[in-house]
Amino acid sequence: MDTFRWLVASAEAGPELDSARSDLFVGLQLQYGWSGQPEMLDEAIDLGTAVVAASQEGPPRARQESNLANALRLRFEATGERRDLDESIARARRGLEATLSPAIQAQRWSNLALSLRSRYELLERRQDLADSLDGFRRARDLAAETEPQRSRIGSNLAVVMRLKGTADRDRDLLRDAVELAMASVTSEAAYPADRSGFLINAALACVDLHQLTGATDALDLGISLLGEAAAIVDPGDPDLTLILLNSAYATRVKATLESADAALLDVAVTAAADVLSVSRSESPDRALALAGLGRAYWLRFQRRLDRQDGQRAVESRLQAARQPFGSAAARAQSGQLAGQWSMELGDARTATDGYARAVDLLREVAWSGLRRTERERGLIEFAGLACDAMAAAVAAGRCLDALAFVEHGRSVLWDDGLQQREVATLQAEAPELADRLVVLRERLDVLVARGAAELRSEDSS
């Protein structure tokens, strides 16, 4: 990179400087790929914007627009800033050039389709999903059969087909998604480094096909693929937790089938415990791991009626609710389930503790940075929580807590209205801070969308 920067500093104005800037622009993106430092992207995007402005109309500018679109998409993935995603899509469209070689056209269509898929997962705009599907299909048609790129495009196309098949409840499209995803898994032309991602994509398609059709062979294949993926990723790979969370979920689903062997309940508990063993204490995944372990214990309790399993289920959910990181809604749901399950076990005191944590988290579920419609939608999921908490507290002899629960639940949106006026005042007095609040909101939206796209859970099904 020092050489690239020296070339930029020493080049004369004109074509020589433009070429040096272009090389540095691409080099910064490559360096980000192995360093993971977002500041590399900041520099690349600032430089790329200048490079695009200085480029000639036609293929030269289209190439730089495409490069800049890719850098913007990478920064969106790193930071969650939605404006980067929107600009990436706009520039990627301008970067399409029909006179290029098929391989380059394929890459540009694929990059555009990736950004469109990300925006669909975030905003659920059906047109983005349709455009992403079209983009990946164009890219795959342009890629040569023997190119590793074709397998990568095919796997991403399968993801979009899965999303559309699930949204439309289209069984045939989901089956096609499984078939295409498996073609990438078995392709001899694929890069070995891509295999774990291909296995995950194929497995999720199989699990979603089972959810829609009840096909047990699809579920079994999904579990097998996730097992293979877990076996080949490095222990420190972030994808390992994702793989194990989905594998544990699929195992629990299989354990609920009438045809399932009773011993599979033990396998489900072990699988959930394995997720917890690899999740870091400061990771948002830890709350999900604890929630899954609680679900596995409760499933076994329902079948065997071993009270110890029921108590372990409640304790796991209480720990999940108490985690400092992760989705507020997911943690609140764990507290709510801890309350419900404790009441079924006849333990009103523990139930009150679980409900108390869930009620406390309502303000995070409906925090002021969210749009009002989003806050209301989040709270709808917890309709009746305050009343259930009150009933548990009364049963436990904690009448003051019962009154507090009802008042707290009733006042969340009312207090929020007061806070919104404070936000409006903030916009007038300190617009930079208000804008920062919007950015944080967008980043949280991205995290929630990614979780919904990549993770399977009984709590969200």
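Given the structure is predicted, the values throughout are model-derived calculations rather than measurements.
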**OP:** State the CG-CZ distance between L85 and R73, to the nearest 0.5 angstrom.
**Re:** 9.5 Å
Original post:
Is the closest basic N to carboxylate O distance between R83 and E87 below 4.0 Å?
Top reply: no
Original post:
Judged by atom type as modelled, is there a donor-acceptor pair below 3.5 Å linking the side chain of R304 to the main-chain atoms of A262?
Top reply: yes
Original post:
Side chain of T49, backbone of I45: donor and acceptor closer than 3.5 Å?
Top reply: yes
**OP:** Check the surroundings of atom CG in L400: do more than 12 heavy atoms from other residues, nucleotides or ligands lie under 6.0 Å from it?
**Re:** no
Subject >> T352 side-chain N/O to A392 backbone N/O, donor-acceptor pair under 3.5 Å >> reply: yes
**OP:** Determine whether Q211 and V253 make a side-chain contact, defined as any pair of heavy atoms from C-beta on separated by less than 4.5 Å.
**Re:** no
Subject >> N/O donor-acceptor pair under 3.5 Å between R171 side chain and T213 backbone >> reply: no
**OP:** Check whether any side-chain N or O of D234 sits under 3.5 Å from a backbone N or O of G236 as a donor-acceptor pair, and report yes or no.
**Re:** no
Original post:
Hey, is the main chain of D84 close enough, under 3.5 Å, to the side chain of S88 for a donor-acceptor pair?
Top reply: no
For residues 181-191, which side-chain N or O atoms pair as donor and acceptor with protein atoms under 3.5 Å away, sequence neighbours left out?
| from | atom 1 | to | atom 2 | distance (Å) |
| --- | --- | --- | --- | --- |
| S184 | OG | S151 | O | 2.8 |
| S184 | OG | S155 | N | 3.2 |
| T186 | OG1 | M182 | O | 3.0 |
| T186 | OG1 | A183 | O | 3.4 |
| S187 | OG | S151 | OG | 2.9 |
| S187 | OG | A189 | N | 3.2 |

**OP:** Look only at the side chain of R150 and the backbone of A143, and say whether a donor-acceptor pair between them is shorter than 3.5 Å.
**Re:** yes
Original post:
Would you say R286's side chain and R280's backbone share a donor-acceptor pair under 3.5 angstrom?
Top reply: no
Original post:
Taking side chain as C-beta onward, heavy atoms only, is V160 less than 4.5 Å from N156?
Top reply: no
**OP:** Answer yes or no: is there a donor N or O on one side and an acceptor on the other, between the side chain of S342 and the main chain of G339, under 3.5 Å?
**Re:** no
Original post:
salt bridge (Lys or Arg N to Asp or Glu O under 4.0 Å) with D347: which residues, sequence neighbours excluded?
Top reply: none
Subject >> Residue list, salt bridge (Lys or Arg N to Asp or Glu O under 4.0 Å) with E228, at least two apart or on another chain >> reply: R195
Original post:
Can any side-chain N or O of D128 pair as donor or acceptor with the backbone N or O of E124 at less than 3.5 Å?
Top reply: no
Original post:
Would a 4.5 Å heavy-atom cut-off, applied to side chains only, mark V275 and L293 as touching?
Top reply: no
**OP:** Quick one: do R295 and L337 satisfy side chain to side chain contact (heavy atoms under 4.5 Å, CB included)? Show the steps, please.
**Re:** CA-CA 10 Å; R295 181 71 70 172; L337 282 173; 3.7 Å; yes
Original post:
Measuring from L123:CG to L129:CG, what's the distance to the nearest 0.5 Å?
Top reply: 12.5 Å
Subject >> E381 side chain to Q333 side chain, donor-acceptor N/O pair below 3.5 angstrom >> reply: no
Original post:
side chain to side chain contact (heavy atoms under 4.5 Å, CB included) between M343 and D388: does it pass, once the steps are laid out?
Top reply: CA-CA 10 Å; M343 290 300 286; D388 290 342; over 6 Å; no
